[in-house]
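To keep things clear, I will list the structure first and then write my remarks on it.
For clarity, every value in this text was computed on a predicted model and none was experimentally measured. A, B, ... follow the sequence lines: proteins, then strands. Residue 1 opens every chain.
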Amino acid sequence: MPATPPAPSDFVRDIVAGHIAAKRYPKIVTRFPPEPNGYLHIGHAKSICLNFGIARENAGQCNLRFDDTNPVKEDIEYVDSITTDVRWLIAGWADDVLGFKPKGAKPAAVTSNGRPDHFLAPAAVGASAEPFFASDYFAELYAYAVQLIKKGKAYVCDLSAEDTESYRGSPDQPGKDSPFRTRTVEENLDLFARMKAGEFPNGARSLRAKIDMTAPNLWLRDPLLYRIRHVPHHHAGDAWCIYPLYDFAHCLSDYIEGITHSICTLEFVDHRPLYDWILGSLDLPRALPHQYEFAKLNLGYTLVSKRKLLQLVQKKVVTGWDDPRMPTLSGLRRRGIPASAIRQFAYNIGVTKNDSVTDVAVFEHVIRESLNVSAERRLAVLKPIKIVLTNLAPGEVVACTATNNPQSETPTTRGIGLTREVFIESEDFAEVPPPKYFRLKPGGEVRLKYACIIKLDEIVKDAAGVITELRCTADLTTRSGQPNSDRKVKGTIHWVSADQAIDAEVRLYDRLFTAAEPAATDDFLQHVNLQSLEVVTAKLEPALAAASPDECFQFERLGYFTPDAKESGAGKLVFNRTITLRDAWAGKIPGHK
RNA sequence: UGCCUGAUGGUGUAAUGGUAGCACAAGCGACUCUGACUCGCUUUGUCUAGGUUCGACUCCUAGUCGGGCAGCCA
C-alpha cells in the first residue's frame, strides 16, 4: 500500500477543483468540526480524511474546530481524546495542513489584514497551540445576533418549548407566527441584553430568526438562534448563560475562520438554506463559505453513532470508549489497526450522496493489506497441545532460523530453538481428520515451520480419555540447509518450544454485533455479540516479551496481534488480536461455520 | 399529505451522449516451509414505462422504491 494513495476523485473534490480553476478563493480552507460529546469513530474518519485530504491536495488548510455550543453535553475529556485521535489519524499525512492556533488566542487578538488568521506553521504547533473552538467566538456571535436584531431579522420570543413546537406546525401543515414576532427592535435589544445578563431562567425566552413560519422547509420557520442555559462551559468558563445553537454558530464560525468549503453530512441538507440565510442577512465583507453535503459512513455489523456508542459505555457492554471492540479511533488504535489502513479505507469507499452500507470486509481487507507488509512474523500458540519429539534428548536445543518478514525487500531473521517438548495449536491436530486435512493426524507428517518434518507415532491419553501429549519423531535431515530440506509435505504448522515459551494473555475479538445493521434494529443492545471477547493464555516465542504497543505482529497462521497499550507490561503480557488472517480452509471444513 | 435527497453486480464505487470498468466478496485453479501473501480464470449490474438520438447509466416525461426533516442536540 502506498503511504500516500493517489489523489481521489469524487463530487466534492470536483466542486473544489472547479473553484480552483475559476480562482474563486486564494486558498482552500476546510474544517473538521466535532462536538466534544463523545469519542471519534470510524465514521468521523471518513469526514476527517475528506476534509484534510482536500486541504492537502490543494495546499490548503483544515481547521480542527470544536463545535462546542451545548455545554450540558460536552466535556473536556472529549476535547482531549478528539484532539489526540485526529492527530493520530493524520500523522505523517496531513500534519502540515492542520489548522491550529496559539493557545488562548481569540479572533480579535490575531486578526490581520481584516481577516482572522490563526494558522500556525506545523513547527509551531506544539504545546503552545490548540484547536479552534466555536466557544472562542461567543462574543463575535453575540454581536452578530445584535446586528440581526437591529436589521429586524431576529426577535426575542417568550414561547415555551412546547408552544414553540406547536406553533411550528408540521411538515404538511404551515406554522403560525409567534405573538412575540412583532416586538420592536428596541424591545428585542433590551430583552436580548437582559438574557445575556442572566435576568431570566432557563427556557424563559429565546432569540429567533424572523424568516417565514409558512416555509415548506421547517428549518426556515423562525428557527431558534440562542437559548438560555445557566451552566458553565468547559472551555468558555462561566462567562455566558446564553448559548447559540448550531445553525447560528456554525456558519458564522466558518466565516470567522475563513472556511471556503464547509463539508457536512446529508442530514444537514435541509439546513443549508438557513446557513445561507444567516450569512446573507449580515454585513459580511469577506467571501462567504458554502456548505456541501455527503453521505455518512454506515458499516456492516458496526454502530456508527456517538449516542449509541455512549450507551455501550454507560451500560458497560464494553470496558470504555477505547475498548478494542469499539469502532472508535481510540479502540481501533488500541486494537492495533494502523492509521494508514483507516485512510486507505476512506479512499477505497469514496464519497457520494448515496445512503449505503459498506461491507466490513472492505475495512478488514485494508487492515490485512497494511499489516501484511509491515508486521513482523512471530510464532505463538493460542490453544496449545503438547508434542514430544522422542528422538530429541531432554535439554537438547536445535537452532533454527525464522524470517521476520517475508514481505520485506531485505528480510531479516531471528533464531528460535527446537526442543524435545513443543506446543502446537490444538486445531492443527485431528485424531479423526476431515477430508483434505493437511495438518497432523495419526501416522501423518507435517512440517514444523522453520524447523523440520515430524511424524506422529503415538497419541497418549489419560485415564479419562483426554489427550495429554502426542509423541512424534523429528526428521532433522529436513531442516533448512540439510539435504532433505526441500522434501515436501502438505502441511506446515506453527509451534513454540515448551522450554522457552512465555505465557501471555491473548484477547481474541469478534464483531461486537450479530446484526448486520445494529442501528436499524428495534434495540441494538439485543444484538450484542456475547462471544465478542475470548481470553486465552497463549504460549509465545520468547522474542515477544519485548513487544511494545506501537508494534503489531503477525502470529504466523493465526492473525495480527498487538500488545495492549493499557494493560500489557513487564509483569504481565497482554495481546489484542487485531484481526485474523484470511482462512480459506475454515469455510471448507465439514460442519464448520 | 409538504419540503429535501438518492437509485449501476451480493456490497461499495466509476463511466458527465460513444466498448458498463475498478475494488471488496464469492467460486475455480496455480504457487506455497503461513490453507496467509501473490498470480490466473469465472459468476453476477444500469429501478420501471415511455420519449429524444445513428447511439442513453448519462438527456426529457411520468411513475416506483429508499433515505432525511417537525430538539431550546449537533
With A/His494, which residues qualify under ring pair (Phe, Tyr, Trp, His ring centres under 6.0 Å), at least two apart? none
Please list, chain by chain and in numerical order, all residues satisfying salt bridge (Lys or Arg N to Asp or Glu O under 4.0 Å) with A/Lys46, sequence neighbours excluded. none
What's the base orientation of B/G71: syn (chi within 90° of 0) or anti? syn
Report, as a single string ordered 5' to 3', how protein heavy atoms within less than 4.0 Å touch nucleotides 39-45 of chain B: B base, S sugar-phosphate only, - not at all. -------
Sorted by first residue and then second, give each salt bridge (Lys or Arg N to Asp or Glu O under 4.0 Å) pair with at least one member in residues 197-220 of chain A; sequence neighbours left out. A/Asp158-A/Arg205, A/Arg194-A/Glu199
What's the NZ-C1' distance between A/Lys488 and B/A30, to the nearest Å? 14 Å
Nearest-angstrom distance, P atom, B/C37 to B/A56: 42 Å
B/G71 P sits how many Å from A/Leu159 CG, rounded? 14 Å
A/Arg368 CZ to B/A23 P: how many Å, rounded? 18 Å
Under 4.0 Å from any atom of RNA chain B, heavy atoms only: list the residues of residues 213-224 of chain A that qualify, in numerical order. A/Pro216, A/Leu218, A/Trp219, A/Leu224
How close or far is atom C1' of B/C33 from atom CG of A/Leu379, stated in whole angstroms? 11 Å
Round to the nearest Å and state the distance from A/Leu274 atom CG to B/A74 atom P. 12 Å
A/Arg582 vs A/Ile228, nearer the 5' end of RNA chain B by closest nucleotide: A/Arg582
Have a look at A/Ser356 and say if it touches a base, only the backbone sugar-phosphate, or nothing, with a 4.0 Å heavy-atom cut-off. sugar-phosphate
What nucleic acid atoms does A/Arg377 come within less than 4.0 Å of, heavy atoms only: base, sugar-phosphate, or nothing? base
Just to be sure I understand the rule, does A/Phe268 reach a base, reach only the sugar-phosphate, or reach nothing, if contact means heavy atoms closer than 4.0 Å? base
A/Phe268 ring center near A/His250 ring center (under 6.0 Å): no
Using whole Å, report how far CZ of A/Phe66 lies from C1' of B/A74. 14 Å
More 5' along RNA chain B: A/Val362 or A/Ile493, using each one's nearest nucleotide? A/Val362
Roughly how far apart are A/Asp68 CG and A/Tyr243 OH, rounded to 0.5 Å? 10.0 Å
By the 4.0 Å heavy-atom rule, please label A/Val357 as base, sugar-phosphate, or nothing. sugar-phosphate
Counterpart residues, ring pair (Phe, Tyr, Trp, His ring centres under 6.0 Å), relative to A/His235 (two or more places apart): A/Phe133
Quick check: are there more than 12 heavy atoms from other residues, nucleotides or ligands sitting under 6.0 Å from CG of A/Asp522? no
Starting at CZ of A/Phe32 and ending at C1' of B/A74, how long is that distance when rounded to a whole Å? 12 Å
Residue list, ring pair (Phe, Tyr, Trp, His ring centres under 6.0 Å) with A/Phe345, at least two apart or on another chain: A/Phe363
Which residues satisfy the side chain to side chain contact (heavy atoms under 4.5 Å, CB included) test with A/Glu517, sequence neighbours excluded? A/Val357, A/Ala520
Result block: side-chain N/O donor-acceptor pairs under 3.5 angstrom for residues 7-14 of chain A, not counting sequence neighbours:
residue : atom : partner : partner atom : Å
A/Asp10 : OD1  : A/Val12 : N            : 3.0
A/Asp10 : OD1  : A/Arg13 : N            : 2.9
A/Asp10 : OD2  : A/Arg13 : NE           : 2.8
A/Asp10 : OD2  : A/Arg13 : NH2          : 3.3
A/Arg13 : NH1  : A/Glu57 : OE1          : 3.1
A/Arg13 : NH1  : A/Glu57 : OE2          : 2.7

Stems involving RNA chain B: give each as a range paired with a range, ordered by first number, where a stem means at least three consecutive Watson-Crick or G-U wobble pairs under 3.5 Å. B:2-7 with B:64-69, B:10-13 with B:21-24, B:26-30 with B:38-42, B:47-51 with B:59-63
Under the criteria of a ring-centre distance below 5.5 Å and an interplanar angle below 30°, is A/Tyr246 stacked with the base of B/A74? no
Look at all strands and tell whether A/Ala361 reaches a base, only sugar-phosphate, or nothing, counting heavy atoms closer than 4.0 Å. sugar-phosphate
Mind checking what makes ring pair (Phe, Tyr, Trp, His ring centres under 6.0 Å) contact with A/Phe555, not counting sequence neighbours? A/Phe561, A/Phe575
Spacing of A/Glu35 atom CD relative to B/A74 atom C1', expressed in whole Å: 5 Å
How would you list all residue pairs meeting ring-ring contact (aromatic ring centres under 6.0 Å, His included) that involve residues 203-222 of chain A, not counting sequence neighbours? A/Trp219-A/His271
